[in-house]
Protein chains: 2
Amino acid sequence: MTAPSFPVTEIVASRRPHRKDAARNYDALLAAAREAFAEHGAEASLEDIARRAGVGIGTLYRNFPTRRHLFESVYADEVNTLVRVAQELADQEPWEALTAWLDRFAGYMVTKRAVREALNDESEIFAACRDSMYAAGGPLFARAQEAGEARRDMDFVELLRMVAGITATAFDDDAQRDRVLSIALDGVRASR
Amino acid sequence: MTAPSFPVTEIVASRRPHRKDAARNYDALLAAAREAFAEHGAEASLEDIARRAGVGIGTLYRNFPTRRHLFESVYADEVNTLVRVAQELADQEPWEALTAWLDRFAGYMVTKRAVREALNDESEIFAACRDSMYAAGGPLFARAQEAGEARRDMDFVELLRMVAGITATAFDDDAQRDRVLSIALDGVRASR
DNA sequence: ACTCTAGCGGAGGCAACCCTCCGCTTCAAC
DNA sequence: GTTGAAGCGGAGGGTTGCCTCCGCTAGAGT
């Protein structure tokens with residue numbers, strides 16, 4: 001397997017400040033935001049996020065001038081991780097690599113509830129994230145298709161939307177969610 | 001008592017008033033609410049709903065004392081329709097009947113975005129709706145399983161959640177949504 | 001240690017929404 | 001037609017969230 005070392009272009013939606021206390025606050029805000037977005041979707045209250053992070057509302061606005069900036073930062077973080085994971089999976093078997101990546105996609109996208117909207121959003125950062133994600137996962141899917149493992153009458157965008165939709169749904173537990181996801185993925189396998 | 005028609009127990013979440021003007025307002029509110037819930041999810045603004053219906057906010061509250069009453073009424077309406085549809089499909093082929101019903105489920109549930117939560121809600125009306133829906137669609141699924149068309153290692157609740165999840169996602173158009181849905185349903189087919 | 005500036009918190013003005021309450025309107029029964 | 005009650009609309013008080021602004025704090029460079 002040729003390990004394709006194409007450059008990892010990190011997407012950055014806002015700059016982490018230099019000063020120590022400021023950097024700490026920045027991180028706390030991102031973590032709090034991730035949590036809040038996961039819980040309440042993209043409409044989560046900004047004041048609540050500041051409260052969770054233990055900082056004033058002013059600090060939130062200084063780091064992230066708009067709700068969109070904040071959300072994009074959380075989202076970009078997760079996309080960057082997924083890009084990295086895709087590279088690590090490059091030497092696995094085609095179908096296993098694809099499902100493993102989709103699993104990470106499903107599990108890591110903490111902003112679940114909001115991702116569905118983000119997948120269709122038109123802003124610059126979101127577009128960059130989308131491209132980045134397609135560039136990362138798309139080849140895994142193409143490889144599975146070429147190996148005759150995945151059906152050809154489906155494109156990668158559709159696959160991601162399918163997984164995102166199922167993942168965003170409430171299940172009794174993770175095991176149930178995984179079972180349903182794997183059933184749906186059975187439909188993605190090429191029929192021989 | 002002639003055999004064929006078993007009783008359709010209609011679920012009623014709130015009473016339609018007798019007076020003519022009042023009944024008109026009631027209907028307008030339900031229609032506006034269906035629209036607003038479809039657009040903004042279960043958190044849609046009640047004042048906006050009253051505005052859309054062209055009635056005062058007071059009228060909304062008189063008919064539906066709480067947000068939940070209103071949402072339940074819209075939801076119950078749709079469930080009742082799905083129950084009726086299931087009965088009409090009773091004489092189709094097993095797999096076709098099942099997919100046709102799921103299609104209606106996917107398409108008719110205008111409250112899409114909110115259904116996922118409703119499927120897990122514990123309130124009395126929601127529980128009744130859930131039971132009603134399982135009673136309607138469950139047999140279709142069981143029949144498909146017995147005919148060897150649907151896999152047996154899945155239950156009806158999981159199937160509904162899968163469909164609801166995919167349906168709630170944003171797609172480019174209905175055709176794309178249907179394609180993805182049918183791919184996922186391929187995974188539900190029994191492997192021979 | 002000193003300074004000076006980046007960074008901080010939160011008060012406060014504004015808007016949206018929730019829900020109640022009550023004086024006015026309109027239906028329908030007689 | 002009359003009339004009583006059911007129904008109506010929306011003002012208004014409370015709450016929550018958005019975002020700005022500014023006097024204070026504390027880190028970083030010297």
Test of ring centre spacing under 6.0 Å for B:Phe141 and B:Tyr134:
no
Minimum-distance nucleotide to A:Ala22 side chain [options: C:dC19, C:dG7, D:dC18]:
C:dG7
Counting only side-chain N and O atoms of B:Asn25, is one of them less than 4.0 Å from OP1 or OP2 of D:dG7?
no
Under 4.0 Å: is that the gap between some side-chain N or O of A:Ser45 and OP1 or OP2 of D:dC18?
yes
How many whole angstroms separate atom [atom1] of [X] from atom [atom2] of [N]?
X: B:Asp48; N: C:dA16; atom1: CG; atom2: C1'; answer: 11 Å
X: B:Leu46; N: C:dT20; atom1: CG; atom2: P; answer: 11 Å
X: A:Leu70; N: D:dC19; atom1: CG; atom2: C1'; answer: 14 Å
X: A:His69; N: D:dC18; atom1: NE2; atom2: P; answer: 17 Å

Could you please spell out the steps behind the salt bridge (charged side-chain N to carboxylate O under 4.0 Å, His left out) verdict for A:Arg161 and B:Asp172?
CA-CA 10 Å; A:Arg161 285 188 178 149; B:Asp172 290 343; 3.2 Å; yes
Considering the terminal five base pairs at each end of the helix from C:dA1-D:dT30 to C:dC30-D:dG1, what angle separates the two local helix axes, rounded to 10°?
30°
Ignoring hydrogens and angles, state whether a donor on the side chain of B:Gln145 or B:Arg151 is under 3.5 Å from an acceptor on the partner side chain.
no
Nearest 0.5 Å, what's the CZ-CG distance between A:Arg67 and A:Leu60?
9.5 Å
Is the backbone N or O of B:Asp155 less than 3.5 Å from a side-chain atom of B:Glu158, with the two atoms forming a donor-acceptor pair by type?
yes
Sidechain-backbone polar pair: B:Ser73 side chain, B:His69 backbone, donor-acceptor under 3.5 Å
yes
Tell me, yes or no, whether the heavy-atom count around B:Glu96 atom CD, taken from other residues, nucleotides or ligands under 6.0 Å, exceeds 12.
yes
Using a cut-off of 6.0 Å, state whether more than 12 heavy atoms not belonging to B:Glu43 lie near its atom CD.
no
Taking only heavy atoms on the protein side, list every residue of residues 51-67 of chain A lying under 4.0 Å from any atom of DNA chain D, sorted numerically.
A:Ile57, A:Tyr61, A:Arg67
Lys/Arg-Asp/Glu bridge criterion (N-O < 4.0 Å) met for A:Asp27, A:Arg16:
yes
One pair to check against salt bridge (charged side-chain N to carboxylate O under 4.0 Å, His left out): A:Asp48 and A:Arg52. What are the steps and the verdict?
CA-CA 6 Å; A:Asp48 177 50; A:Arg52 286 184 200 228; 3.1 Å; yes
Which nucleotides of nucleotides 24-29 of chain C have their base under 4.0 Å from a protein heavy atom (B), which only their sugar-phosphate (S), and which neither (-), written as one string 5' to 3'?
--BSS-
Residue mapping more 5' on DNA chain D - nearest nucleotide basis, B:Tyr26 or B:Glu47
B:Tyr26
May I ask you to decide if the ring planes of A:Trp101 and A:Phe156 are parallel, tilted or perpendicular, using 30° and 60° as cut-offs?
tilted
